[in-house]
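Have a look at the structure below, then the notes.
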Amino acid sequence: MKNHDDHITSYSLNWTVLIVLLILTTISILAIKMHLGAYTVALALILASVKVTIVLTYFMHLKFENLLLRLMVGGVFLLFAIVIVITFIDYYFR
Amino acid sequence: MNDSSTAVPLNFLNHKTGLWSWLSSTDHKRIGLLYLYSITVFFCVAAVLGLLMKIEKFAPGQTIMTAQTYNGMFTIHGIIMIFIVVIPGLAAVFGNILLPIMIGAKDVAFPKLNLFSWYVYITGAFLGLYSQFAHGHVPDTGWTFYVPYSAEATSNVVIALTAAFVLGFASILTGLNFIVTIHRMRAPGMTWFRMPLFPWSLYATAWIQILATPIIGITLLMVIAERTFQIGFFDPKLGGDPVLYQHLFWIYSHPAVYVMILPAMGVVSEIFPTFSQKPIFGYGAIVFSSLAIAFVGYLVWGHHMYTSGMSYQARWAFSLLTFLVAVPSAIKVFNWLSTMYGGSVDLKPPLLYAISFIFLFSIGGFTGLTLGSLATDIQVHNTEFIVAHFHYIIFGGMGFGFFAAIHYWYPKIYGRMYSNRWAYIAWGILFTGFNILYFPMFIMGIQGMPRRYFDYDPKFTLGQEISSIGAFILIIGLIAMISNLVYHRRKGAIAPANPWHGVTLEWQIPSPPPHENFDEVPVITHDPYVFDHPYTK
Amino acid sequence: MDTFLSEGSNLAGAVDRAFIFIFTISFIFTIGITAMMVYILIHFSRKKVKNPRQFTGSVKLEIVWTVVPLIIVLMMFYFGWVGFAPMRKVPANAMPIKVIGRMWTWDFDYGNGKISKELVVPYNRDIKLNLVSLDVNHGLFIPAFRVKEDVIPGYSNYLWFRPIIKDTFDIFCTEYCGLAHSGMVSKVIVIDSLAFEKWLVDLKVTGDVPDHPGLTIIKTNACLTCHSLDGTRIVGPSFKGLYGSKRIVVTDQGEKEVEAFDDYIKRSILDPNAEVVKGFNKGLMQSYKEVLKGEDLDKIVDYFRTSVEKK
Amino acid sequence: MSTTEHSDFIDSDTGKLGMWLFLFTELFLFGGLFIVYAVMRSKYSADFHHAALELNAFIGATNTVVLLVSSMTVAMSLTAIQRKQSNRAMGLIFITLILAGVFMVNKYFEWGHKIGLHLYPGSDVMKTLPHGEIMFFGLYFMMTGLHALHVIIGGILLTIVMFKIKSGRINQEHYLLHENGALYWHLVDLIWIFLFPLLYLIT
Ligand code: HEA
Ligand code: HEA
Ligand code: CUA
Ligand SMILES: [Cu+2]
């Protein structure tokens, strides 16, 4: 009933994570100014995914959770990706 | 839980009395019974609507109702049956009553949430009914709410959509509760692979519930937004895409059909070992096929849209995936047969229902394969063939699974026995009526009789008449079955704790179970289906 | 399946083969499973067996009944696919008919304003139906031909077939579309090519006659801002009665008379300033060489020709 | 495990698992909208680009930063409670709530501006736009609206947490609600991380 074995993230780690996130945000804003054409969407999504992963691992403490929960989170995101891909089997080939 | 001196020992049914003690109880068994009673009532309402439709179709042309009434009727029949009866169905009733007991827990992980989800459910259910009586037209879109019709129809579609949304929320909460319960509340020694198969099937089901239901939730919200704020997600007049709606709808609603059937598969997986006094054959295969059905079942939604103008590539990809999902079902059927093989088989009513489950489910499943195949689906899509397919597989599968479950656990829940004789008679009528009712629809479907048709070409008259007669036979069987159960609830002989010599945990405690299930926490030391265990000898 | 439902189109045979394959397998398995259950109930009944055997599984058997059904379903997939694939490959010369679905009737549009309430098609010709909906979803279903596609607003769906039996068959709407969904039925009538031609000629014009494709090109390229269709003089000469008329044109070499046939018309579009009709100014029109390709020119010329012929 | 008698206390791993599962459903709720977005964007890419120019990327970016910082302050407040620094935890949550307020104020102006321009579903201006732009604004209002609703719910949850810390019912020993509140708040952030580039940074 207690949280004894819970990991405590330090304040400094939280700061570091925030700074990394802010840097990534800046990059994604700058990236659109660079006119990368078709790659802009891809880049924006990749950067967003990286940011989301960081939030999940550190802010949401996934790094310190058990393997099962980590697998679940990964699986859920994977499933969603598959659903999108399958939907586009229809739209892409139309 | 002591009082062995009193005539009737205290149990979950009588430790407190009064209506309020039920409506406020967080006891999972009582909540399960609340679901059972509400679902039965709604089932009877929707079933009577089904019967009325069959009377209408007894002859071509208008007989007892107008086209508008008929269209409203199959819509509400479908909504009630799908969203209010079979999706919660087994999981909310028998899952609630038995899941904690079968894994050796005192309750589910979040008992208050459990009660709350029943209230959400009831709210949704009454909203659904309200859409029938509220000012305006009855909704007449079919349970699939296809746009643009549902976005334009003048009837109370928004109320019906809201009802479906609320019901989905209840379903999510139940699923969430079950997953956490299974992860966190298993008795000491009950490893994952010592867990009985009914909880396993609920586990797979619960994942579908929490991952698929939100999609329908947001889709219905979008349709509501479309109707009220003219945001045109799906309406082509505003740039929307009607086919996209179908995608979203089936991303949920196909997995939902496995929400219906998986628990029924779990139920029969309990019944076959007990009535053969023999361990389940291929425990691991059954577990993994449940998980496989849940996963692959999530990816085949497009088979409802073969004629919607999807790309050619999408059509065959969905067809291929659909066929893959049939394999785990096949694995289960063969394992069940092998479980009985070599056993000491006792044809009590629960087993009778379980066997008819296999028969009807196979017919439903094989016709599902006919639908999964591209060329043949083009012919029978949206004909009565589909209607027959899903009545066979939902009513014959999930429905008969439900009947099997109630005959199996009835003595455990109420501590009384029903009459076996009447159970056999009712089964006979029910089974005959069922096949007479639905089988002709396969044939008419292939000949081209479309579904959702108020009127039909006179050449189908004979088939429709036979089918309608089947409905009357079926209803007699159903009434007999329900009466048998209701009557013996108070008048039946007192049932022992373990009438069928079952080995899973629920049979090791008194009937009806005490308020907190176990006096002391069971410690599990062996696999779930070991029949030479001292308990049974 | 003949006695049951005729195979009215070239596509029906393969569909029925898929049906027969799947139904045969299903029948065998259902009978087999049921027989097995009956056998077990009799042979292993509690009265006979007091000591149930306690085996718990067999990896070998699991593999067998995973692999065998897998192979069977893949075969089913194959048959379904083979029956279906030709449905999406429309022969190039198929005769197009536009099908308009709306609550709750079907219109079959043969072009030039000729609209029929029943689908009349020539025997043994490839027919392509272009499906258009004016309101909600509908479904076009011809059971005897084994074809069905949804008619969805905002989408252009299609289907095709070649009728191989001369007869009259049902058409149903198979996508729920509201009150009179069950009344949205029609017939398809297959007749001889000759009879069909005659029928089509006799069919009354009730719909809008669409623009000639050449005229469409003329309109979209804004030709009509300078050239009128009705003889009015604007910036350039009118198109009225152009084809085959005689004109006096001014060239660099002086005046000459030309007859306005294909070559002249095309020249005037591609190199408008080489020959200018007397009385009009040079240099006002640019060449359309980059804009209009050969096919477009043919259509324009065809339009001029037909508009003269009609008079 | 569950060997003790019925009690109102939910053991922390159980509660946390429940929260995670709930977050999964939230993800799929927004997931449905993302599917619609993806399909529509591929259909109407030019219109989407054009309509997105109406959005103010500066406000969007500000709100991104606001949410990221607030995410950190919640995470820190959890660290504080674990280290038995209740006051600090409350302070950090308070900052988070202020940031949530800033986010909502920004949103208010943003929406207000759009509505001032008659760019809302069903408006007269909207009807004259090309289909793709109507679609973009429809999605914009639906997605940010649903997200804003989550910000509000998260704010309420965190307010409750703050009061419970004050009353001592959330403390170094029992902070499940605090943890779950923080998880929920992070989810709000997660969704925004995707919404921001998809709505504001279209080229
Ligand atoms: C409980 C509900 C349930 C279940 C379990 C299923 C199971 C299956 N369904 Fe069904 N289905 C519905 C409920 C269900 N369905 C409903 C409600 C509709 C209509 C919705 C509407 O439009 O209103 C529908 C519609 C539907 C369609 C759409 C038809 C159309 O609109 O054109 C399709 C198409 O592929 C399909 C296929 C299948 C398949 C392949 C399975 C498979 O999972 C079946 C697997 C089972 C078996 C294969 C039988 C058992 C196995 C053996 C006996 C062993 C031997 C097997 C082999 C050798 C392979 N179903
Ligand atoms: C669980 C699912 C379920 C069940 C059990 C049933 C049961 C029945 N259904 Fe239904 N049906 C659906 C789910 C179900 N249906 C769905 C999803 C649709 C699609 C809707 C759509 O197209 O949108 C549909 C559509 C559908 C149609 C197609 C309409 C059309 O396309 O034109 C028809 C037509 O005949 C029909 C008939 C019946 C009948 C006669 C029964 C009978 O089996 C019912 C027989 C039972 C009784 C008559 C009840 C008897 C009992 C009592 C009266 C109780 C007495 C009470 C006490 C003693 C307490 N159903
Ligand atoms: Cu048109 Cu149904
Ligand atoms: Cu399906």
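Computed over heavy atoms, backbone and side chain alike; hydrogens, waters and symmetry mates excluded. Just so it is clear: chains get the letters A, B, ... in the order the sequence lines come, proteins before strands, and each one is counted from 1. Since we're looking at a predicted model, the values are computed, not measured.
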Pick one of side chain, backbone, both or neither for [X], based on which atoms fall under 4.5 Å of a heavy atom in chain B.
X: Val59(C); result: neither
X: Ile22(C); result: side chain
X: Phe141(C); result: side chain
X: Thr66(C); result: both
X: Leu74(C); result: side chain
X: Asp170(C); result: side chain
X: Ile152(C); result: side chain
X: Leu159(C); result: neither
X: Ala85(C); result: both
X: Phe77(C); result: both
X: Asp150(C); result: both
X: Met76(C); result: both
X: Arg88(C); result: side chain

May I ask you to name which of [options] has the most heavy-atom pairs under 4.5 Å with chain C?
options: Gly372(B), Ser344(B), Ser362(B), Ser289(B); value: Ser344(B)
options: Leu320(B), Ile280(B), Asp455(B), Asp377(B); value: Leu320(B)
options: Met340(B), His381(B), Met305(B), Met449(B); value: His381(B)
options: Val327(B), Val333(B), Thr367(B), Thr383(B); value: Val327(B)
options: Pro273(B), Gly284(B), Ser338(B), Pro328(B); value: Ser338(B)
options: Tyr341(B), Tyr283(B), Phe454(B); value: Tyr341(B)

* Asked: With respect to Phe249(B), which candidate in Trp143(B), Phe234(B), Phe145(B) satisfies the ring pair (Phe, Tyr, Trp, His ring centres under 6.0 Å) definition?
  ->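 When ring pair (Phe, Tyr, Trp, His ring centres under 6.0 Å) is applied between Phe249(B) and each of Trp143(B), Phe234(B), Phe145(B), only Trp143(B) qualifies.
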* Asked: Would you call Glu149(C) and Arg315(B) a salt bridge, using N to O less than 4.0 angstrom?
  ->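 So Glu149(C) pairs with Arg315(B) through a salt bridge.
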* Is any side-chain N of the basic residue among Glu384(B) and Lys57(B) closer than 4.0 Å to the acidic one's carboxylate O? ->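 Result for this pair is yes, salt bridge flagged.
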Measuring centre to centre across the rings, with the benzene-like ring taken for any Trp, is [X] within less than 6.0 Å of [Y]?
X: Tyr353(B); Y: Phe357(B); value: no
X: Tyr456(B); Y: Phe460(B); value: no
X: Phe318(B); Y: His303(B); value: no

Heavy-atom pairs under 4.5 Å with chain B - which of [options] has more of them than the others?
options: Leu41(C), Asn137(C), Ile25(C); answer: Asn137(C)
options: Gly83(C), Ser26(C), Gly154(C); answer: Ser26(C)
options: Thr30(C), Thr174(C), Val147(C), Ile72(C); answer: Thr174(C)
options: Arg17(C), Glu175(C), His43(C); answer: Glu175(C)
options: Pro69(C), Ser133(C), Ser45(C); answer: Ser45(C)

Can you say whether [X] sits under 4.5 Å from chain C via the side chain, the backbone, both, or neither, judging by heavy atoms?
X: Pro236(B); answer: side chain
X: Lys348(B); answer: neither
X: Phe359(B); answer: both
X: Leu347(B); answer: side chain
X: Phe442(B); answer: neither
X: Tyr70(B); answer: neither

Distance-only donor-acceptor check, side chains [X] and [Y], under 3.5 Å:
X: Glu62(C); Y: Asn335(B); value: yes
X: Asp167(C); Y: Tyr123(C); value: no
X: Asp241(B); Y: Tyr155(C); value: yes
X: Asp140(B); Y: Tyr149(B); value: yes
X: Ser319(B); Y: Thr322(B); value: no

Does [X], at its [atom1] atom, have more than 12 non-hydrogen atoms belonging to other residues, nucleotides or ligands within less than 6.0 Å?
X: Trp81(C); atom1: CH2; result: no
X: Lys50(C); atom1: NZ; result: yes
X: Trp316(B); atom1: CH2; result: no

* Asked: Taking the six-membered ring of Phe55(C) as reference, does the NZ or CZ atom of Lys278(B) fall below 6.0 Å from its centre and within a 45° cone about the axis?
  ->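 Positive - Lys278(B) is close enough to the ring of Phe55(C) and near enough to its axis.
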* **Residues Arg162(C), Asp126(C); criterion salt bridge (Lys or Arg N to Asp or Glu O under 4.0 Å); working and verdict** => CA-CA 5 Å; Arg162(C) 186 168 68 246; Asp126(C) 295 337; 3.3 Å; yes
* **Closest non-hydrogen atom pair between Ile378(B) and Arg146(C), with its separation** =>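 Scanning both residues completely, I find the closest heavy atoms to be CG2-O, 3.8 Å.
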